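Every number for a ligand or one of its atoms is a count from 1 in the order of the listing. No experiment lies behind these values; they were computed from the predicted model shown. Residue numbers run from 1 in the order of the sequence given.
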Amino acid sequence: MIAVDEPRPVIDQAALIGRVIAACRDAIVEREADLCDLDRAIGDGDHGTNMRRGLDALAGETRQLAAMSLADAMTAAGTTLVMSIGGAAGPLYGTLLLELGSALRHTSSWPDALSQAVAAVARRGKSSAGEKTLLDVLYPVRDEMISHTPLRLLAQQVQGFAEMTIDMKAMRGRASFLGERSIGHMDPGAASCALLAAVICRELAEAGIE
Ligand code: ADP
Ligand code: MG
């Protein structure tokens, strides 16, 4: 059979980085209060504020980030998130991006890079699946990426991953202090992670990336 090259979309990477950061920031600003409410129920109520600080910091660096290679932009953004989000979530989101940055230096496969980055987040948090954290969104997103689920479809699925944390008992972070009483509430980190994953998938799909 003759292989026919499919036409590939022409992607303006700098513009796309700018759009992704702006869309993520808008989404977090819109849901800041909801994320704080979720965290107030099983934590200390600052998750929305923490994420807002992180996305504001990223937005302030848009021009520099957009001028970098994808790997360098991930590394720089990860460093910014560690410093700006704070709390437990800062080092975890930071690790995700820092590790994506280093993975993208030796692979061009997003599923491989995400697998490596999610594993690093789990090591950093000393946590695993089912413990009611943002990993309960990251693991299924990684699995769907490995299965080549179209991004537009994945964008519709991620909220469901966060909802799965409602029935879980928190085993890590502040929420774990509540034990059984953490059951019945969505994990705030899972909520922010699903929100951001949906926004990113939508922006990439919009840009013609499958
Ligand atoms: P803090 O708990 O310091 O106030 P945030 O409220 O910003 O920080 O973030 C809380 C979120 O961080 C939780 O909802 C959970 O998803 C995530 N988290 C906390 N500890 C861990 C951990 N050890 N491993 C993975 N995720 C964690
Ligand atoms: Mg908190």
Side-chain angles (χ1 to χ4, degrees), residues 21 24-60 77-100 103 114-145 157-201:
I21 293 173
C24 286
R25 180 177 176 272
D26 288 351
I28 290 293
V29 168
E30 194 188 320
R31 297 283 311 281
E32 182 181 351
D34 299 335
L35 293 171
C36 283
D37 287 345
L38 290 176
D39 196 28
R40 205 165 291 121
I42 58 170
D44 57 356
D46 63 356
H47 188 61
T49 318
N50 292 346
M51 295 305 292
R52 167 75 184 262
R53 239 187 355 259
L55 272 298
D56 278 347
L58 272 196
T79 307
T80 297
L81 290 187
V82 171
M83 293 190 305
S84 57
I85 297 180
L92 297 168
Y93 275 111
T95 296
L96 183 71
L97 293 196
L98 286 168
E99 203 67 22
L100 274 176
L114 190 62
S115 292
Q116 185 177 320
V118 173
V121 174
R123 280 196 304 277
R124 177 82 209 216
K126 297 186 177 59
S127 57
S128 47
E131 296 189 327
K132 199 179 183 96
T133 72
L134 43 76
L135 281 165
D136 291 307
V137 170
L138 291 176
Y139 278 124
V141 165
R142 176 205 62 185
D143 293 344
E144 296 299 329
M145 294 275 292
Q157 293 176 352
V158 287
Q159 178 62 20
F161 302 153
E163 278 163 14
M164 298 280 283
T165 66
I166 294 174
D167 294 335
M168 293 178 187
K169 178 176 155 187
M171 305 297 285
R172 296 283 172 239
R174 287 179 202 282
S176 66
F177 305 153
L178 291 184
E180 299 284 335
R181 281 184 293 136
S182 66
I183 297 171
H185 302 276
M186 186 185 292
D187 176 64
S192 65
C193 196
L195 178 64
L196 292 172
V199 165
I200 293 166
C201 287

Counting only heavy atoms closer than 4.0 Å, does ligand 1 sit against the backbone of [X], its side chain, both, or neither?
X      : result
Thr133 : both
Leu92  : side chain
Asp46  : side chain

Which heavy atom in Leu97 sits nearest to a heavy atom in Gly78, and how many Å separate them?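 Nearest heavy atoms, Leu97 then Gly78: CB-CA, 3.6 Å.
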Where ligand 1 meets [X] - atom numbers and elements under 4.0 angstrom, heavy-atom basis:
X      : value
Gly173 : 19 (C), 20 (N)
Ser127 : 24 (N), 25 (C)
Asn50  : 5 (P), 7 (O)
Ala89  : 7 (O), 8 (O), 9 (O)
Asp39  : 6 (O)
Asp44  : 4 (O)

Minimum side-chain heavy-atom gap [X]-[Y] below 4.5 Å:
X      : Y      : answer
Leu134 : Val121 : yes
Arg124 : Leu92  : yes
Leu38  : Asp187 : no
Ile28  : Leu35  : yes
Pro188 : Ile42  : yes
Gln159 : Met186 : yes
Ser128 : Leu135 : no
Thr49  : Arg53  : yes

Protein contact to [atom] [nearest heavy atom, distance to 0.1 Å]:
atom                    : answer
atom 9 (O) of ligand 1  : His47 ND1, 3.3 Å
atom 19 (C) of ligand 1 : Ala88 CB, 3.6 Å
atom 13 (C) of ligand 1 : Asp187 OD1, 3.4 Å

To the nearest 0.5 angstrom, please state how far the CD1 atom of Ile85 sits from the OG1 atom of Thr80.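 Rounded to the nearest 0.5 Å, the CD1-OG1 separation comes to 10.0 Å.
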For the side chain of [X] and the backbone of [Y], is there at least one donor-acceptor N/O pair under 3.5 Å apart?
X      : Y      : result
Tyr93  : Cys193 : yes
Lys132 : Ser182 : yes
Arg172 : Lys126 : yes

Atoms named by residue and atom, protein N, O or S, within reach of the Mg ion (ligand 2) (under 2.8 Å): Asp39 OD2, Asp44 OD1, Asp46 OD1
Of all the heavy atoms in Gly43, does at least one lie under 4.0 Å from an atom in ligand 1?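 Contact absent.
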For ligand 1, is Arg174 a contact, meaning one of its heavy atoms is under 4.0 Å away? yes
Geometry only, no angles: is Leu135 polar-contacting ligand 1 at N/O separations under 3.5 Å?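 So ligand 1 has no N or O lying under 3.5 Å from an N or O of Leu135.
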From the candidates Pro91, Cys193, Gly87, Gly125, the one that places a heavy atom nearest atom 23 (N) of ligand 1: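 Checking each option, the heavy atom nearest atom 23 (N) of ligand 1 is found in Gly125.
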Check ion pair Asp56-Arg52 (N to O, under 4.0 angstrom):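 A salt bridge links Asp56 with Arg52.
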